[in-house]
Amino acid sequence: MTDNHPQFQQPAHGPKHKKDLTRRKVVVAGAGAAVAVGAAGTLAASGAFASETGTAASASSTSTAAEACYRLTSETTEGPYYIDADKIRRDITEDKEGIPLTLQLKVIDSETCKPVANAAVDIWHCDALGIYSGYESLSTGGGGGGGSAPTDAPSGTPSGTPTGEPPSGAPSGGTGGGGHEEPTDDERYLRGTWRTDKHGQVTFRTIFPGWYRGRTVHIHTKVHVDGTWTDAGYEGGHTCHTGQFFFDEEAVLASAEVEPYSTSTTERTTLTEDTIYDQSGTTGGLLKLKYNKKNIAKGVIGSITMGVDPDTTNDGTSL
């Protein structure tokens with residue numbers, strides 16, 4: 001489901017990558033944008049958005065208390081399948097089947113511990129069978145398609161011995177830096193961008209991601225700051241954080257028993273086997289999860305506070 005407001009519907013464009021500048025033609029949510037709940041997560045997944053209204057007082061009292069200071073959240077590769085600000089919305093589900101996931105995020109300055117307000121936060125991830133929108137032909141997922149699946153590392157490495165000088169800006173290592181792929185289709189499900197409120201909070205509604213060859217279950221994110229929000233949109237600024245969110249093994253194993261996840265034929269990479277997650281818990285992007293242990297299909301709430309440095313540029317393309 002997408003937002004009902006016509007101004008939220010943006011034309012699809014290919015990604016424009018700039019290391020020190022991010023440009024977003026987005027529409028501001030307006031005065032009706034509700035205050036998101038705290039990162040601790042106290043809502044039922046089915047009513048998270050409805051419950052956001054009317055919580056300003058409690059959120060305000062929380063913000064006056066001493067903020068818990070978080071270490072700088074780990075930076076990771078952007079991965080090959082980022083599309084710049086294609087959908088300005090909090091509900092990114094569209095018609096994708098899967099376990100409902102309410103993602104509650106808070107962004108703070110890791111040095112001052114103060115909330116980072118008015119930031120543009122992107123999230124994107126694969127569907128229940130490991131397929132990314134915009135790249136369906138490249139990410140055949142875990143449904144027995146038999147093709148190649150994304151690994152978040154550059155693909156298409158040439159065979160033979162290279163000659164001459166290496167090109168500037170070439171990908172380095174196996175982390176995916178510089179390995180962006182151009183979109184192959186117009187689908188944009190499970191992608192969205194939204195604005196943090198004055199408490200640094202933003203809430204998204206999506207589904208629990210699936211998995212694909214070589215990667216554990218994860219969600220990609222970017223935080224953009226110092227841009228300008230106007231009636232016409234949000235422009236300028238820079239990307240201060242590029243990271244990924246991760247899920248504990250207990251939750252992933254529970255999800256694997258639920259359709260359509262249970263139909264996946266792809267071998268799963270565990271959290272400890274993943275080459276991107278740095279095993280540092282919350283600092284590394286590990287989400288705090290709440291769900292009915294006997295019936296995860298009812299929905300999951302995932303929450304995390306991200307400590308960022310608003311003065312730096314971390315676009316995830318040179319890691």
Side-chain angles (χ1 to χ4, degrees), residues 1-11 13 15 21-39 41 43 48-56 59-60 62-63 67 73 82-93 101-109 112 114-125 188 190-206 219-243 245 302-311 313-315:
M1 180 190 305
T2 59
D3 289 272
N4 293 326
H5 301 287
Q7 64 265 39
F8 288 162
Q9 307 306 318
Q10 301 292 317
H13 297 291
L21 179 67
T22 182
R23 180 178 179 87
R24 273 169 172 64
K25 287 290 187 181
V26 305
V27 178
V28 180
V35 176
V37 296
L43 300 180
F49 277 13
S51 301
E52 284 178 33
T53 57
T55 61
S60 178
T62 301
S63 65
E67 279 281 6
T73 300
Y82 174 57
I83 300 176
D84 190 9
D86 232 44
K87 293 288 186 180
I88 311 307
R89 57 190 181 179
R90 291 180 294 176
D91 188 335
I92 66 174
T93 309
L101 172 65
T102 299
L103 192 61
Q104 300 173 344
L105 309 176
K106 184 171 185 178
V107 184
I108 67 169
D109 186 316
T112 67
K114 293 182 179 179
V116 179
N118 299 319
V121 178
D122 298 331
I123 66 167
W124 70 102
H125 61 85
R188 295 296 183 266
L190 307 180
R191 298 178 180 272
T193 303
W194 202 255
R195 177 185 187 179
T196 58
D197 64 16
K198 65 181 180 180
H199 305 291
Q201 299 168 341
V202 62
T203 299
F204 290 96
R205 179 178 291 160
T206 182
I219 293 175
H220 292 267
T221 188
K222 282 180 178 283
V223 179
H224 312 274
V225 296
D226 292 338
T228 302
W229 292 88
T230 69
D231 290 340
Y234 176 88
E235 300 182 11
H238 64 278
T239 305
C240 72
H241 174 66
T242 298
F245 303 129
S303 60
I304 195 169
T305 295
M306 293 180 281
V308 304
D309 182 351
D311 296 327
T313 295
N314 292 299
D315 60 12

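Heavy atoms only: backbone and side chains are in, while hydrogens, waters and symmetry mates are out.
- Considering all non-hydrogen atoms of both residues, D315 and T239 come closest at CA-CG2, 4.1 Å.
- Taking CG of L101 as the start and CZ of R205 as the end, the distance is 11.0 Å to the nearest 0.5 Å.
- In terms of heavy-atom proximity, F204 sits nearest to I92 at CD2-CG2, 4.4 Å.
- Here the CZ-CG distance, from R191 to D122, works out to 10.0 Å after rounding to the nearest 0.5 Å.
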Under the side-chain contact (heavy atoms from CB on, under 4.5 Å) rule, what do M306 and V116 come out as? Steps first, then yes or no, please.
-> CA-CA 10 Å; M306 293 180 281; V116 179; over 6 Å; no

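- Here the straight-line distance linking atom OG1 of T196 with atom CG of L105 works out to 10.0 Å at 0.5 Å rounding.
- The two atoms that bring T206 and H125 nearest to each other are OG1-NE2, 2.7 Å, heavy atoms only.
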Verify side-chain contact (heavy atoms from CB on, under 4.5 Å) between W124 and I219, making sure each step is shown before the conclusion.
-> CA-CA 6 Å; W124 70 102; I219 293 175; over 6 Å; no

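- Using modelled atom types, no side-chain atom of T313 and backbone atom of C240 make a donor-acceptor pair closer than 3.5 Å.
- Within the 3.5 Å criterion, the main-chain N or O of P310 finds a donor-acceptor partner in the side chain of H238.
- The backbone N or O of N314 lies less than 3.5 Å from a partner atom in the side chain of T242, making a donor-acceptor pair.
- Between the CD atom of Q104 and the OG1 atom of T305 there is a distance of 10.5 Å, given to the nearest 0.5 Å.
- Between P115 and G200 the shortest heavy-atom distance is CB-N, 3.6 Å.
- T221 meets the side chain to side chain donor-acceptor pair (under 3.5 Å) test with no other residue; sequence neighbours excluded.
- Here the shortest heavy-atom pairing between R89 and D91 reads CD-O, 3.4 Å.
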side-chain contact (heavy atoms from CB on, under 4.5 Å) between N118 and R195: does it pass, once the steps are laid out?
-> CA-CA 6 Å; N118 299 319; R195 177 185 187 179; 2.9 Å; yes

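- Residues that satisfy the side-chain contact (heavy atoms from CB on, under 4.5 Å) test with D311, not counting sequence neighbours, are D309.
- H224 and Y82 have parallel rings, their planes meeting at less than 30° on a 0 to 90° scale where 60° marks the start of perpendicular.
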